[in-house]
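Everything on this sheet refers to the single structure shown next.
Quick note on labels: first sequence line is chain A, next is B, and so on, each numbered from 1.
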There are 2 protein chains.
Amino acid sequence: MATMTSADLRVHNRVRLLRAVHDAPAPPTRASVARRLAIGRNTAGTLVGELERARLLREVPAASTGRGRPTTLLLPHPEGPLAFAVDVREDSWTLAQMSLGGELTELESGEHDRTPAVFTQVGEAVARHATDRLAAVGIAIAGPIRDGRRLHISHLDWDEVDLDEHLDRAWPATVVDNDARLAGLAEARRGVLRGVGTAMHFHIDFDIGGTLLLAGDAQTGAHNIAGEFGHMPLTGSPLRCMCGAVGCWSLDVGVNALVRRFGGPPGYGAGRRLGREVLRRAAEGDAAAASAIDDNAVALGRGLGALSNALDPEAIGLSGLGVELIRLRRGLIEETCAAGLMAFRRAEAPRIVAGTVGEIGPLTGAAEIAFDAVLTPEWLRTRF
Amino acid sequence: MATMTSADLRVHNRVRLLRAVHDAPAPPTRASVARRLAIGRNTAGTLVGELERARLLREVPAASTGRGRPTTLLLPHPEGPLAFAVDVREDSWTLAQMSLGGELTELESGEHDRTPAVFTQVGEAVARHATDRLAAVGIAIAGPIRDGRRLHISHLDWDEVDLDEHLDRAWPATVVDNDARLAGLAEARRGVLRGVGTAMHFHIDFDIGGTLLLAGDAQTGAHNIAGEFGHMPLTGSPLRCMCGAVGCWSLDVGVNALVRRFGGPPGYGAGRRLGREVLRRAAEGDAAAASAIDDNAVALGRGLGALSNALDPEAIGLSGLGVELIRLRRGLIEETCAAGLMAFRRAEAPRIVAGTVGEIGPLTGAAEIAFDAVLTPEWLRTRF
DNA sequence: CATGTTATGTTCTTGCCCGGAACAAAATGT
DNA sequence: ACATTTTGTTCCGGGCAAGAACATAACATG
């Protein structure tokens, strides 16, 4: 709750208005935003006028919907700020841009050599596409990012890579976060978890990562490394995990569990292929594959039940392999989840839902945190 | 982010000022509050004057601390609002009052018959002490409270008791919450977790309950039943828990685990005595008792490590039996916690700290949530 | 003991903000 | 053609916090 003078009030309302435009599922009208924010038509007129002169919004006549004087649609200004989003996966990366309102456009993608040199590569791509419209960059990385800079990515053998040493000083304002958390944030802002007050989201890839989502924001923890739900001993596995702990949930859920089961080849590209292969064989009736999928679903459900007792979500989103598991084994997941719930919770169990943002979840989330840095009083002040 | 007119600004700042007085560890001076809120001395003067006329604050000359014109101390007004707090335990209850600033005074206590009739009893006690200063009542109850009204308390055999049927219509504004969560809230507001951005707190009694504390607020979940961390399968127990799930952490941590180990008598009063007895015998060198304490500490540490991976707290508070466990077995708890942490977290493990609020934690937390209902623009408007 | 220093309180002015009222404008419905 | 509905626009009024200047009450210094 920051200090407020009457001048700050204007800034505050400008931010609210821009945030309303950004968060709307479709471009809203000036009149609807005024109603939504509970401000007068006169005030809305003033605010929109200022934001248009600041090249943040553009007004175009709206198609009339009935009686009454027609109003205008609020669109991002053609010279308005853009957020860049980068998704750094285990062997490739993608660069995209998002404009106010959430429209995402892919700009470029590439492979990388699994060393931090990828950041130089990405930096060059950013420089190629950057214009003076670029306001902030968000980066999604498949691993924990302590304090927003120190990377510990076991599957790339990055133990404590300091991001600041790899981001050129010429980089624009940059925020970095974990891909699973950003996938969850994307669902909370623009997907199936929109409007849910308390939600959990899990992104299931090789292992399982996730985030607690409260009122559309992802919980980060004290060192920005919250969300490693996959490294809790929820399913009784006796194995030691490569994270250093024993019995991690991730040993039983995700592609790695399938790879271990079928003695597949190591290596992440190969593992991903094997994962798809197992899904395909299960669909064709292969009993061993089906049983592996069953085990994955059961382990997933057990963990979801346990975590629901602790965090009481209204809904649980799943992405990555989780979408397939819901499609193939919804009943099994829900049953095992219910079995893990305290009895009195079972009547009102959390909804388990498949993410709707899809593979661009991390990219979308990265763009959202970049915009979060833009839609602030501080940034807005630079524009006036 | 609510609507704001310039008139709301004044209300907003009145709330901020009162909140600053309430949250301060000791009565603050007018000048210090002005600095803290970053408002001018003139504005502070106006605000304090208004709040004094509204019988919310009283100003008394402050002892001078050095050079400069002496300022005034901001104290609760002698006719100002009071919050009542009730702690309903398994066989007894306590009623206390809190004034602005956090001073807690016990008013009355009693036994009860383990039926919801306790609420009638408590209601009569509240009526005995209520004056027109009473602004809100907070109640702490040892069990989950779904949606703030439906109670599921297994050890009292309350399956789905509707609180609204037992709270007389004449009751003042009342908020109800779980005792473990409120104990954590008390530590976050007035105890060892004050100022910690992300914290977990666990109240260890017969079993273990807790809460995630974010910026001094307790996470409630979608149905107000978050925090049942004790009902996650974190320690590999094969037993079925009376909650309906299997392998709950609470089966291995808390007084119930000691009772089961020593085949002690059922019943909560007896269990509590046995718990103290085991602690005493362990202190006297009894090997079986010491081993039981060890097992409790090990199970506690394992769970804390697992949960820290997921939630990344800066500090973990413990109350109830947890205070004794820290005193007797800090090393063991920290070791097993570290073993459950992902390796890269071990260098910066969460601090494990004993609560400092003590047995009045639930009562203090209940008073805090009652004051939370008072220190709002809405309530304040009724006072002007 | 007189004077300077420091921190705070008080008063007045100024710039800004939002809401409300009244009116204008642009569409639909009859 | 005219009423109705919804929105945009203009102007005014009440209100707020900041800043400057001054007043005040303590301590510090010699």
Side-chain angles (χ1 to χ4, degrees), chain A residues 1-18 20-21 27-54 57-74 377 380-381 384, chain B residues 1-18 20-21 27-54 57-74 377 380-381 384:
Chain A
M1 243 201 247
T3 305
M4 284 266 194
T5 158
S6 35
D8 296 327
L9 243 181
R10 187 55 147 269
V11 178
H12 172 82
N13 280 329
R14 285 202 274 244
V15 171
R16 286 211 306 150
L17 200 152
L18 277 181
V21 172
T29 66
R30 191 166 105 180
S32 71
V33 168
R35 270 193 305 272
R36 159 81 73 99
L37 302 186
I39 60 180
R41 297 195 299 274
N42 47 3
T43 308
T46 311
L47 288 171
V48 169
E50 289 170 352
L51 292 169
E52 193 161 19
R53 279 194 296 284
L57 289 181
R58 186 174 51 146
E59 282 190 286
V60 302
S64 82
T65 59
R67 275 189 176 179
R69 176 172 174 171
T71 179
T72 55
L73 225 44
L74 301 182
L380 236 60
R381 258 185 266 271
F384 282 90
Chain B
M1 236 199 259
T3 305
M4 284 265 192
T5 155
S6 34
D8 297 327
L9 243 181
R10 189 51 147 277
V11 178
H12 172 81
N13 279 329
R14 286 202 272 246
V15 171
R16 286 210 305 151
L17 200 153
L18 277 180
V21 172
T29 65
R30 190 167 105 180
S32 72
V33 168
R35 269 193 305 271
R36 160 79 75 101
L37 302 187
I39 59 180
R41 299 192 300 272
N42 46 5
T43 309
T46 312
L47 288 171
V48 169
E50 290 170 353
L51 292 169
E52 194 161 21
R53 279 193 297 282
L57 289 182
R58 185 173 54 141
E59 282 190 286
V60 303
S64 82
T65 59
R67 277 189 175 179
R69 177 172 174 171
T71 180
T72 56
L73 225 44
L74 301 182
L380 235 60
R381 259 185 267 271
F384 281 90

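- Of the candidates dT8(C), dC17(C), dT7(D), dC17(C) carries the atom nearest the Leu9(A) side chain, counting heavy atoms from C-beta on.
- The base of dG20(C) is paired with the side chain of Asn42(A) by a donor and an acceptor separated by under 3.5 Å.
- Within the 4.0 Å cut-off from OP1 or OP2 of dC27(D), at least one side-chain nitrogen or oxygen of Ser64(B) is found.
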Hey, mind stepping through Arg14(A) and Val11(A) against side-chain contact (heavy atoms from CB on, under 4.5 Å) and telling me if it holds? CA-CA 5 Å; Arg14(A) 285 202 274 244; Val11(A) 178; 4.1 Å; yes
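- At a threshold of 4.0 angstrom between heavy atoms, the contacts of Gly45(B) with the nucleic acid are absent.
- Taking atom NE2 of His12(A) as the reference point, atom P of dA17(D) lies 15 Å away to the nearest angstrom.
- Nearer the 5' end of DNA chain C, as judged by each residue's closest nucleotide, is the contact made by Ala7(A), out of Pro70(A) and Ala7(A).
- At whole-Å resolution of the value, CZ in Arg14(A) and C1' in dC18(C) are 14 Å apart.
- For the pair Arg69(A) and dA24(C), the criterion of a side-chain N or O lying under 4.0 Å from OP1 or OP2 is not met.
- The side chain of Thr71(B) places an N or O atom within less than 4.0 Å of a non-bridging phosphate oxygen (OP1 or OP2) of dG9(C).
- Residue Gly68(A) is the one, among Thr65(B) and Gly68(A), whose nearest nucleotide of DNA chain D lies closer to the 5' end (criterion: closest heavy atom).
- Rounded to an integer number of Å, the gap from CZ of Arg67(A) to P of dT7(D) is 13 Å.
- Between dT7(D) and Arg35(A), a contact under 4.0 Å exists linking OP1 or OP2 to a side-chain N or O.
- Of the possible donor and acceptor atoms, none in the side chain of Glu59(A) sits under 3.5 Å from a partner among the backbone N and O of Glu52(A).
- Counting non-hydrogen atoms under 4.0 angstrom, Arg10(A) reaches the backbone sugars and phosphates but no base.
- Spacing between atom CG of Leu47(B) and atom P of dG15(D) amounts to 16 Å, rounded to whole angstrom units.
- OP1 or OP2 of dA17(D) has not a single side-chain nitrogen or oxygen of Arg16(B) nearer than 4.0 Å.
- One atom, CZ of Arg41(A), and another, P of dA25(C), lie 15 Å apart when rounded to the nearest Å.
- If you take CD of Glu50(B) and C1' of dG15(D), they are 11 Å apart, rounded to a whole angstrom.
- Residue Asp8(A) contributes atom CG, which lies 11 Å from atom P of dG19(D) at whole-angstrom precision.
- Under the side chain to side chain contact (heavy atoms under 4.5 Å, CB included) rule, Leu74(B) has a single partner from Leu17(B), Leu51(B), Thr29(B), which is Leu17(B).
- The nearest pair of heavy atoms linking Ala20(B) to Leu37(B) is CB-CD2, 4.1 Å.
- A close approach under 4.0 Å does not occur between any side-chain nitrogen or oxygen of Ser6(B) and OP1 or OP2 of dC16(C).
- Contact annotation: Arg30(B) side-chain N/O to dG9(C) OP1/OP2 distance is under 4.0 Å.
- Judged by the 6.0 Å distance and 45° axis criteria, Arg10(A) is not positioned over the aromatic ring of Phe384(A).
- Closest contact between the side chain of Ile39(A) and the listed nucleotides dA18(D), dA25(D), dG19(C) involves dG19(C).
- Among all heavy-atom pairs drawn from Val15(B) and Pro377(B), the shortest one is CG2-N, 3.7 Å.
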